[in-house]
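Accompanying notes for the structure given below.
These numbers come from a predicted model, not from an experiment. The chains referred to below are lettered A, B, ... by the order of the sequence lines, with proteins before strands, and numbering in each begins at 1.
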Protein chains: 2
Amino acid sequence: MTDPVERLGPQELGTYFVLLEALSLLQHQVEQQVQADGGLSYIQFQLLGRLVGAEGPLTMTQLADGVVYSRSGLTYQAGLLEKAGLITRAPSPDDERATLVSITDAGRELFHRVLPGHVEVTRRMLFDSLTADDLDHLGDIMTRVRDHMRAQPPRSAAPRKRRPKNN
Amino acid sequence: MTDPVERLGPQELGTYFVLLEALSLLQHQVEQQVQADGGLSYIQFQLLGRLVGAEGPLTMTQLADGVVYSRSGLTYQAGLLEKAGLITRAPSPDDERATLVSITDAGRELFHRVLPGHVEVTRRMLFDSLTADDLDHLGDIMTRVRDHMRAQPPRSAAPRKRRPKNN
DNA sequence: CGGGATTGCTTCGAAGTCGAAGCACGTTGT
DNA sequence: ACAACGTGCTTCGACTTCGAAGCAATCCCG
């Protein structure tokens, strides 16, 4: 592809573009599957997965920390999940402000019904074209990238800090 | 208690999750920068970039092919870009159905004003934590993944999906 | 040629998303 | 104890997104 972009970044931009393109395709496929098998958006699936993985109930804030998602959007999605009987919300006994979110049996059941297809799709889409060495390297790379990004303060500093840190 | 997660393999699942998480973070940062520097959504930036890279005008369909995006959404975004004077739309002389989209000088100028910051952000977010070998391997891996996904049968042929609801 | 299927795009309505503002509880300082 | 501020979540309004339906031009095939 003759791209004037190429002048500003050599191999890096190519990698970047193909990375984003691949991600878009993967996300799209995953979204389709999760919707078809469980009537869930991917966000909802992620939220259920997070609750399944957690020991007990989580606050809204803890829930949002795992998914890159706005607070108001989380409220909306939690409302949908609650109405569908997949989670429950109750005020925390320790802190009346906080809302504790718990997964119901139905939610757990649905998650485990959707997961196999999810795994199947990701394997077919992603892992079938990877060798064990690729997988190893990819995991290593992305872990470092993730940590690096998490450490980077955004250009516009955090709109709202969630913990009193030393600053 | 057969755990379907175990069948995929903990390493694969972990890689998958960290991949999605990292790319979510990257996308979020990129979105911020493009918005801050040019008042554009990432979709709009992509569309301009595609038009800049093209030799001449593109049809709406050609434009949509590069970006994973719905047709109606593209119509909407093209409307915004046109109203902002960044592109123009005109019926094709060859095919009266088709709409030819061209980038204006203002659009080209804006794109090139935003691009350096874009490159800078992606470099800082993504490539600073990668070695040359990482970059090489990552590009190779994702190219294969992308091609693999592109080759997969489209979602029109859904083999055996349980229907969540009657539609 | 002519009629139906196909293609390219837009319109429309429902739903999702986000940031800002609002509400309620908690914490701190006096 | 009270006021003032901070924190956790929800509500609100504006905007975006998507699929389905609609419209018009083109293609296909007799």
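Judged by atom type and distance alone, B:S72 reaches the base of D:dG19 through a side-chain donor-acceptor pair under 3.5 Å. Between the side chain of B:R97 and the base of D:dT26 there is no donor-acceptor pair of N/O atoms closer than 3.5 Å.
A:Q29 contributes atom CD, which lies 12.0 Å from atom CG of A:L126 (distance to the nearest 0.5 angstrom).
The only member of B:L135, B:L130, B:T15 that meets side chain to side chain contact (heavy atoms under 4.5 Å, CB included) when paired with A:I141 is B:L130.
The main-chain N or O of B:L74 is never found under 3.5 Å from a side-chain atom of B:Q77 such that the two would form a donor-acceptor pair.
When the P atom of D:dC9 is taken as reference, atom CD1 of A:I87 falls 12 Å away, rounded to whole Å. In this structure, A:R71 places its CZ atom 17 Å from C1' of C:dC23, rounding to the nearest Å. Here C:dT17 presents its C1' atom at 12 Å from CD of B:E31, a figure rounded to the nearest Å. Between the P atom of C:dT17 and the CD atom of B:Q35 lies a distance of 18 Å, rounded to the nearest Å. Between A:D95 atom CG and C:dT27 atom P the separation is 6 Å, expressed in whole Å. In this structure, the CD1 atom of B:I43 is 19 Å from the P atom of D:dC15, given to the nearest Å. Here the C1' atom of nucleotide D:dT10 and the OH atom of A:Y69 are 14 Å apart, to the nearest Å. In this structure, the CG atom of A:L74 is 15 Å from the C1' atom of C:dG19, given to the nearest Å.
Of the candidates D:dT10, C:dC25, C:dT11, D:dT10 carries the atom nearest the A:T75 side chain, counting heavy atoms from C-beta on.
Separation of the B:H118 and A:Y16 ring centroids falls under the 6.0 Å cut-off. Ring-centre distance between B:F127 and A:H148: not below the 6.0 Å cut-off.
Judged by closest nucleotide on DNA chain C, B:M60 is the one of B:M60 and A:G73 placed further toward the 5' end. Heavy-atom nearest nucleotides on DNA chain C were determined for A:D94 and for B:L100, and the one closer to the 5' end corresponds to B:L100.
Heavy atoms of A:T59 sit under 4.0 angstrom from primed sugar atoms or phosphate atoms, though from no base atom. Nucleic acid contact for A:T99: sugar-phosphate only, since backbone atoms but no base atoms lie under 4.0 Å from a heavy atom of the residue.
Contact annotation: B:R89 side-chain N/O to C:dT10 OP1/OP2 distance is under 4.0 Å. Remark: A:Q62 is not in phosphate contact with D:dG8, judged by side-chain N or O atoms under 4.0 Å from OP1 or OP2.
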